[in-house]
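Below: the structure, in structure tokens.
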Amino acid sequence: WHVAFAHVPPPIAGPGTGEVVGLDRGVAVSVMTSEGEAFHAPTLGEKLAERLLRLQRRLARALRGSNRRYRIKRVIARLRARETDRRKGWVEQTTTALARRYDVLKVEALNVSAMTRSARGSREAPGRNVAQKAGLNRAILAQGWGLFLARLEDKARGRVRRVDPKHTSRRCSECGHTASESRENQAAFRCVACGCACNADLNAARNIAGGHPVTARG
């Protein structure tokens with residue numbers, strides 16, 4: 001017999017310095033702080049990722065209902081579980097460190113479920129760019145955005161502020177000018193008004209740090 005008792009630990013106390021940080025969640029960089037610190041969610045690694053790809057190809061060729069297909073699915077499930085465990089461990093360590101370091105933590109109020117919804121559509125109204133959208137969905141889910149925010153709110157209870165994500169990636173954190181042309185590419189931001197240039201995720205994190213919380217209804 002195994003008996004397990006669930007214990008919810010108390011929230012982590014902040015440093016008491018009043019320091020505020022903005023946290024931008026992304027795909028290339030899992031979490032970027034407004035101070036320029038980047039956090040990357042762990043992956044399976046090159047060798048295990050190649051093995052997973054080979055197994056998925058073997059699974060596609062395996063006969064449905066066969067013992068071979070069942071064995072391959074079990075091996076794939078173990079690899080997926082290992083990837084999930086690594087991501088959960090990273091989330092726990094990162095959220096604990098951030099909750100101890102800052103008094104107020106601001107994040108974008110993103111609807112991750114809606115963002116990762118399939119674009120396949122229906123037979124009558126098929127979606128567009130389904131393969132590209134599916135790849136983006138997998139990349140977002142691999143960063144653990146939802147789990148990261150949930151654990152951060154658990155540990156820094158009452159100190160996490162959700163900010164309206166509108167224009168955080170297009171607004172210049174220095175002069176406040178908003179223009180889509182300022183976002184040169186996924187990684188670079190250069191303001192067309194004042195010429196301020198920095199990492200795009202860092203610029204967004206600074207805007208989040210200075211943003212106002214959304215209303216309860218919002």
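Heads up: numbering here begins at 1 and tracks the sequence. Because the structure is predicted, anything quoted here is derived from the model rather than measured.
The CD atom of Glu35 lies 10.0 Å from the CZ atom of Arg206; values are rounded to the nearest 0.5 Å. Atom CD1 in Ile76 sits 10.5 Å away from atom CZ in Arg78 (nearest 0.5 Å). Note: Arg80 CZ to Asp85 CG = 13.5 Å, rounded to the nearest 0.5 Å. Note that the CG atom of Leu48 and the CG atom of Leu53 stand 12.5 Å from one another [nearest 0.5 Å]. Atoms CG and CZ, on Leu59 and Arg64 in that order, are 8.0 Å from each other to the nearest 0.5 Å. Between Ile12 atom CD1 and Thr96 atom OG1 the span is 4.0 Å, to the nearest 0.5 Å.
With hydrogens and angles ignored, the 3.5 Å screen pairs no side-chain donor or acceptor of Asp24 with any backbone N or O of Met32. Of the possible polar contacts, none joining the Lys106 side chain to the Gly22 backbone as a donor-acceptor pair under 3.5 Å is found. Proximity of a side-chain donor or acceptor of Arg25 to a complementary backbone N or O of Trp145 within less than 3.5 Å is detected. Ser173 contributes no side-chain N or O that, together with a main-chain N or O of Asn207, makes up a donor-acceptor pair within less than 3.5 Å.
Scanning all heavy atoms of the two residues, the minimum distance from Val91 to Thr95 falls at O-OG1, 2.6 Å. Scanning all heavy atoms of the two residues, the minimum distance from Ala62 to Ile72 falls at CB-CD1, 4.5 Å. Contact detail for Thr168 and Asp164: the closest heavy-atom pair is CG2-O, 3.8 Å. Across all non-hydrogen atoms, the minimal contact from Gly144 to Arg87 is N-CD, 3.8 Å. Arg159 and Ala13 get closest at one heavy-atom pair: NH2-C, 4.0 Å. Taking every heavy atom of both residues into account, Lys88 and Leu147 meet most closely at CG-CD2, 3.8 Å.
Side-chain heavy atoms closer than 4.5 Å link hydrophobic residues (I, L, V, M, F, W, Y) into clusters, and following such links, even through other members, never connects Phe148 to Val112.
Proximity of Arg69 to Leu63: side-chain heavy atoms (C-beta onward) are nowhere separated by under 4.5 Å. For the pair Phe189 and Cys172, the minimum side-chain heavy-atom distance is below 4.5 Å. Contact of the Arg71 side chain with the Arg58 side chain is not registered, since no non-hydrogen atoms from C-beta on lie closer than 4.5 Å. Contact of the Leu149 side chain with the Val160 side chain is registered, since non-hydrogen atoms from C-beta on lie closer than 4.5 Å. Side-chain atoms of Leu23 and Ile208, non-hydrogen and from C-beta on, never get closer than 4.5 Å to each other. Inter-residue side-chain proximity for Val21 and Leu98 is flagged as unmet; no heavy-atom pair is nearer than 4.5 Å. The shortest side-chain heavy-atom distance between Trp90 and Ser30 falls under the 4.5 Å cut-off. Between Cys194 and His177 there is no side-chain heavy-atom pair separated by less than 4.5 Å.
Crowding of Arg170 atom CZ: a count of heavy atoms from other residues, nucleotides or ligands under 6.0 Å not exceeding 12. By the neighbour-count criterion of 12 heavy atoms within 6.0 Å, atom CZ of Arg190 is sparsely surrounded, having that number or fewer from other residues, nucleotides or ligands. Counted within 6.0 Å of CZ on Arg82, heavy atoms from surrounding residues, nucleotides or ligands total 12 or fewer; the atom is thus considered open.
Salt bridge annotation for Glu83-Arg86: absent, with no cationic side-chain nitrogen under 4.0 angstrom from a carboxylate oxygen. Between Glu92 and Lys155, at least one side-chain nitrogen of the basic residue sits less than 4.0 Å from a carboxylate oxygen of the acidic one, meeting the salt-bridge criterion. Arg101 has a carboxylate O that lies under 4.0 Å from a charged side-chain N of Glu37, or vice versa, which qualifies the two as a salt bridge.
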**OP:** Would you check, one step at a time, whether the test side-chain contact (heavy atoms from CB on, under 4.5 Å) holds for Arg161 with Leu105?
**Re:** CA-CA 6 Å; Arg161 306 286 185 268; Leu105 304 102; over 6 Å; no
Subject >> Stepwise side-chain contact (heavy atoms from CB on, under 4.5 Å) test for Thr94 and Val31 >> reply: CA-CA 9 Å; Thr94 306; Val31 178; 5.5 Å; no
Subject >> Pair Arg183-Asn203, side-chain contact (heavy atoms from CB on, under 4.5 Å): steps then yes or no >> reply: CA-CA 10 Å; Arg183 186 72 180 265; Asn203 178 74; over 6 Å; no
Original post:
For Arg151 and Asp154, what are the C-alpha separation, side-chain angles and deciding distance, and is it a salt bridge (charged side-chain N to carboxylate O under 4.0 Å, His left out)?
Top reply: CA-CA 5 Å; Arg151 296 301 292 135; Asp154 288 340; 3.0 Å; yes
